[in-house]
Amino acid sequence: VEKGGRDNGTSPLGFLLVGMGNVPTAQTVLFLLSLIIYLVTVVGNILIVVLVVAEQHLHTPMYFFPGNLSSLETFYSSAILPRLLASFLTGDRTISAHGCVAQFYFFAALETTECYLLAAMSYDRYLAVCQPLLYASLMTWKVCLQLVAGSWLLGLLVSTVLTSLLPQLQFCGPRTINHFFCDFTPLLELACSDTSMATLVAFVFGFLDVVFPFLFALASYVCIIAAILRIPSNVGRQKAFSTCSAHLTIVAAFYGSLFVVYVLPRTAPLRQLSKVFSFFYTVLTPLANPLIYSLRNREVREALRK
C-alpha cells in the first residue's frame with residue numbers, strides 16, 4: 001500500500017490514511033467520541049428536516065434554508081465519519097484508490113454546496129432584517145428554490161471538475177496521506193507528476209468557493225448589525241444580537257477554517273494544523289449547525305415539544 005511503481009489515481013493500489021495518529025490507547029476513546037458526535041449530528045439534523053417537512057407553519061423561507069442545510073450536513077458527515085469510525089474500530093487505515101476518489105467527490109460537492117448555501121442564508125437574513133416590508137415579495141418560493149438549486153449545482157460542478165483531475169495524477173512513491181480523509185491538496189502533495197494545472201484550478205475554485213461567499217455573507221451580516229444598532233429597544237437589540245452573533249460566529253469559523261486550509265500557502269506549520277482546521281469544518285460545524293440555526297428558534301422548539 002505504501003510503496004509501488006509509477007501509477008495514476010485510478011490504480012488498484014490504495015492509499016494509507018494517517019488519520020488522527022497511531023496511538024493504540026487513544027483509538028477506543030477517539031472511536032467513542034467520534035461515534036457520539038456522528039450520532040448526535042445525524043439525529044439532530046434529521047430531526048430538523050422532519051420538523052420542517054411535517055410542521056405546516058414551518059413551511060416558510062426562514063426554515064426552508066435551515067432544513068436544506070440540515071439535510072446537507074447529514075450527507076456531509078456521512079461522507080467522512082463512517083470511514084474514520086471504521087479505521088478506529090478495525091485499525092485498518094487503508095482506502096482503495098476508487099474509494100478515495102469517491103470520498104473526495106462527495107466531500108467536495110457537499111462542502112462547496114454548503115459554502116454557497118450559507119451565503120444564501122445570510123442574504124435571506126439580510127432581507128428579513130434590513131428589508132422587512134419587501135421580504136415577502138423579494139424572497140419568494142421561486143427565489144428560494146433557485147438559490148438552493150444553484151448552490152447544489154455549483155457544488156456538483158466544482159466537485160466534478162476537481163475529481164476529473166485526480167486520475168491524471170501519477171504516484172510513484174509512498175502513498176501515505178497525512179489526513180483523516182481523502183482531500184485534494186494532500187493528494188497533490190503525493191503526486192510525482194506535474195501538478196501545476198491542478199494546483200491552479202484548485203486555487204481558483206478555492207477563492208470562488210470560499211472567499212467570495214464569505215465576503216458576501218460578511219457584508220450581509222455587517223448590514224444586519226447596522227440595522228440592529230438602530231433598534232431603539234435594548235431588549236429587542238440584545239435578542240437580535242444574540243441570534244446574529246451566533247450565526248456570524250459559525251459562519252466566520254466555517255469559512256475561516258476553509259480559508260486556512262485551501263487558500264493560504266501550504267507552509268510547514270499550516271500543513272501540520274490543516275487536520276485541526278479540517279476537523280472543525282467537517283465534524284464540529286455539522287454538529288453545531290442544528291443548534292445555532294434551528295434549535296435556538298422558538299417556533300422550532302415549540303414544534304419539537306408536540
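Looking only at distances, no side-chain donor or acceptor of Ser34 sits under 3.5 Å from a matching main-chain atom of Phe31. Formation of a donor-acceptor pair under 3.5 Å by the Ser70 side chain with backbone atoms of Pro66 is found in this model. A donor-acceptor contact shorter than 3.5 Å is absent between the side chain of Thr195 and the backbone of Ala198. No donor-acceptor pair under 3.5 Å is formed between the side chain of His179 and the backbone N or O of Val18. Between the Thr285 side chain and the Phe280 main chain, a donor and an acceptor come within less than 3.5 Å of each other. Side-chain atoms of Asp183 do not come within 3.5 Å of backbone N or O of Thr185 as any donor-acceptor pair. In this structure, the side chain of Ser257 engages the main chain of Phe254 through a donor-acceptor pair within 3.5 Å. Judged by distance alone, with hydrogens and angles left aside, the side-chain atoms of Ser87 form no donor-acceptor pair with the main-chain N or O of Asp92 at under 3.5 Å. Using a distance-only test at 3.5 Å, with no hydrogens or angles considered, no donor-acceptor pair links the side chain of Gln170 to the main chain of Ala191.
For the two cysteine residues Cys100 and Cys182, the thiol sulfurs sit under 2.5 Å apart.
Nearest heavy atoms, Lys275 versus Phe180: O-CE2, 3.6 Å. Taking both residues in full, the closest heavy atoms of Tyr38 and Leu85 are given as CD2-CD1, 4.2 Å, listed atom of the first, atom of the second, then distance. For the residue pair Ser159 and Ala108, the shortest heavy atom distance occurs at OG-CB, 3.7 Å. Of all the heavy atoms in Cys130 and Ala227, the pair that sits closest is SG-CB, 3.8 Å. Looking at every heavy atom in both residues, Thr41 comes nearest to Ser77 through CG2-OG, 3.2 Å.
Residues Val43 and Leu72 fall into different hydrophobic clusters, defined by Ile, Leu, Val, Met, Phe, Trp and Tyr side chains chained together at heavy-atom separations under 4.5 Å. Val283 and Leu32 end up in the same hydrophobic cluster when Ile, Leu, Val, Met, Phe, Trp and Tyr side chains are linked at under 4.5 Å. Hydrophobic clustering keeps Leu47 apart from Val49 (ILVMFWY residues linked when any side-chain heavy atoms are closer than 4.5 Å, directly or through intermediates). Grouping the Ile, Leu, Val, Met, Phe, Trp and Tyr side chains by contacts below 4.5 angstrom, directly or via other members, places Leu117 with Leu248. Linking ILVMFWY side-chain heavy atoms closer than 4.5 Å, directly or via other members, places Tyr116 and Leu156 in two distinct hydrophobic clusters.
Within the model, atoms OG of Ser151 and CE of Met121 stand 10.5 Å from one another, a figure rounded to the nearest 0.5 Å. Residue Leu118 holds its CG atom at 5.5 Å from CG of Leu69, rounded to the nearest 0.5 Å. We find the CH2-OG1 distance between Trp152 and Thr112 to be 11.0 Å, quoted to the nearest 0.5 Å. From Leu166, atom CG reaches atom CG of Leu188 across 7.5 Å, with rounding to the nearest 0.5 Å.
For Phe171 and Phe15, the gap between ring centers is short of 6.0 Å. Checked against a 6.0 Å centroid threshold, the rings of Phe75 and Phe106 do not count as neighbours. In this structure, Phe214 has its ring center closer than 6.0 angstrom to the ring center of Tyr255.
By the disulfide (SG to SG under 2.5 Å) test, Cys115 is found to be paired with no residue, residues two or more places apart in sequence or in another chain being considered. The ring-ring contact (aromatic ring centres under 6.0 Å, His included) test applied to Phe205 returns no partner, not counting sequence neighbours. For Leu134, the side chain to side chain contact (heavy atoms under 4.5 Å, CB included) partners at least two apart in sequence or on another chain are Gln131, Ser137, Leu138.
Of the N and O atoms on the side chains of Asn289 and Glu73, at least one donor lies less than 3.5 Å from an acceptor on the other residue.
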Q: Please test Tyr262 against Asp209 for side-chain hydrogen bond (donor to acceptor under 3.5 Å, both in side chains), starting from the C-alpha separation and ending with a verdict.
A: CA-CA 10 Å; Tyr262 296 110; Asp209 300 339; over 6 Å; no
Q. Given the rule in the side-chain contact (heavy atoms from CB on, under 4.5 Å) test, do Phe65 and Arg125 qualify, once you have shown the distances and angles that lead to the verdict?
A. CA-CA 10 Å; Phe65 287 110; Arg125 290 300 83 210; over 6 Å; no
